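Written below as structure tokens is the structure these notes are about.
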Amino acid sequence: MDLKRVSNEDKLQLCKTYYKAGFLFLPFLWLVNFVWFFREAFTKPSFEQQKQIKTYVIRSLIGTSIWMVVLITWITIFQLKRAEWGETADKISFIIPKGIP
């Protein structure tokens, strides 16, 4: 969709929808929301809905950042501790590595 052809009110509604959908364990939508609406929020001349769009864009970036930190932390912990966790780690693994732990 070309945002140039969409009214400012529709941009706000779309930005708000993507932001709320990110709470349904879809943090990728927050990243899309941030990238897609960054110019509308920060580089375009002022318009009535810009302040609200800016709020959703900033919150989307914060949400994406938090999810990335949590995901990287979990991956790191799991990779370092998988062998120590034994059968529990095997049960939550999609692929069980072969060889010496």
Side-chain angles (χ1 to χ4, degrees):
M1 179 184 344
D2 186 7
L3 289 177
K4 295 175 188 170
R5 298 177 186 213
V6 179
S7 72
N8 291 334
E9 189 60 43
D10 289 341
K11 289 177 192 175
L12 174 60
Q13 190 60 39
L14 184 61
C15 186
K16 186 186 299 186
T17 301
Y18 274 44
Y19 174 72
K20 288 180 180 179
F23 284 104
L24 300 174
F25 296 106
L26 300 170
F28 180 70
L29 285 179
W30 283 333
L31 179 61
V32 169
N33 199 29
F34 174 76
V35 171
W36 204 7
F37 286 101
F38 180 82
R39 277 188 250 156
E40 297 294 326
F42 295 103
T43 63
K44 297 281 181 169
S46 294
F47 55 92
E48 184 181 339
Q49 294 83 1
Q50 189 176 31
K51 186 175 179 182
Q52 288 176 297
I53 290 176
K54 192 179 292 188
T55 301
Y56 289 121
V57 168
I58 292 170
R59 289 178 182 178
S60 294
L61 177 62
I62 292 169
T64 299
S65 300
I66 290 170
W67 266 95
M68 290 302 295
V69 167
V70 169
L71 185 63
I72 290 169
T73 302
W74 166 247
I75 290 169
T76 303
I77 290 171
F78 186 77
Q79 291 296 320
L80 294 174
K81 302 288 186 178
R82 191 203 67 75
E84 294 175 24
W85 293 348
E87 187 178 336
T88 303
D90 290 344
K91 287 181 180 179
I92 62 174
S93 294
F94 184 71
I95 298 174
I96 300 173
K98 306 285 185 198
I100 301 171

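The first residue of the sequence shown is numbered 1, and numbering continues consecutively from there. As the structure is a prediction and not an experimental result, all values here were calculated from the model.
Remark: Lys4 engages no residue in a salt bridge (charged side-chain N to carboxylate O under 4.0 Å, His left out) (not counting sequence neighbours). For Arg39, the side chain to side chain contact (heavy atoms under 4.5 Å, CB included) criterion is met by Thr43, not counting sequence neighbours. Partners of Glu87 according to the salt bridge (charged side-chain N to carboxylate O under 4.0 Å, His left out) rule, which considers only residues two or more places apart in sequence or in another chain, are Lys91. In this structure Phe47 satisfies the ring-ring contact (aromatic ring centres under 6.0 Å, His included) test with no other residue, sequence neighbours excluded. Remark: Tyr18 engages Trp36 in a ring-ring contact (aromatic ring centres under 6.0 Å, His included) (not counting sequence neighbours).
Side chain of Thr64 to backbone of Leu31: a donor-acceptor contact under 3.5 angstrom is found. The closest donor-acceptor contact from the side chain of Glu48 to the backbone of Asn8 lies at 3.5 Å or more, if one exists at all.
Residues Leu24 and Tyr19 fall within the same hydrophobic cluster, defined by Ile, Leu, Val, Met, Phe, Trp and Tyr side chains chained together at heavy-atom separations under 4.5 Å. Ile92 and Leu80 are not part of a single hydrophobic cluster, where members link through side-chain heavy atoms under 4.5 Å apart. A single hydrophobic cluster is seen to contain both Val32 and Ile62, as judged by linkage of ILVMFWY side chains at heavy-atom distances under 4.5 Å, directly or through other members. Both Val35 and Leu26 belong to a single network of hydrophobic side chains, linked directly or stepwise wherever heavy atoms of I, L, V, M, F, W or Y lie under 4.5 Å apart.
How far OG1 of Thr55 is from CD of Gln50: 10.5 Å, rounded to the nearest 0.5 Å. In this structure, Arg59 CZ and Phe34 CZ are separated by 15.5 Å, a value rounded to the nearest 0.5 Å. Note that CG of Leu71 is 13.5 Å distant from CD1 of Ile66, once rounded to the nearest 0.5 Å. In this structure, the separation between NZ on Lys54 and SG on Cys15 is 12.5 Å, given to the nearest 0.5 Å. Once rounded to the nearest 0.5 Å, the distance linking OG1 of Thr17 with CG of Leu12 reads 9.0 Å.
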Intermediate values then yes/no, side chain to side chain contact (heavy atoms under 4.5 Å, CB included), Ile58 and Phe42: CA-CA 10 Å; Ile58 292 170; Phe42 295 103; 3.8 Å; yes

Chi angles and distances behind the side chain to side chain contact (heavy atoms under 4.5 Å, CB included) call for Asn33, Leu29: CA-CA 6 Å; Asn33 199 29; Leu29 285 179; over 6 Å; no

Step-by-step side chain to side chain contact (heavy atoms under 4.5 Å, CB included) determination, Phe28 to Trp67: CA-CA 9 Å; Phe28 180 70; Trp67 266 95; over 6 Å; no

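In terms of heavy-atom proximity, Ala41 sits nearest to Ile53 at CB-CG2, 4.0 Å. The nearest pair of heavy atoms linking Ser93 to Phe78 is OG-CZ, 3.3 Å.
The residue from Phe25, Tyr56, Phe37, Phe23 that alone fulfils the ring-ring contact (aromatic ring centres under 6.0 Å, His included) condition with Trp30 is Phe23.
Among pairs with a residue in residues 11-34, those fulfilling salt bridge (Lys or Arg N to Asp or Glu O under 4.0 Å) read Lys11-Glu40, at least two apart in sequence or across chains.
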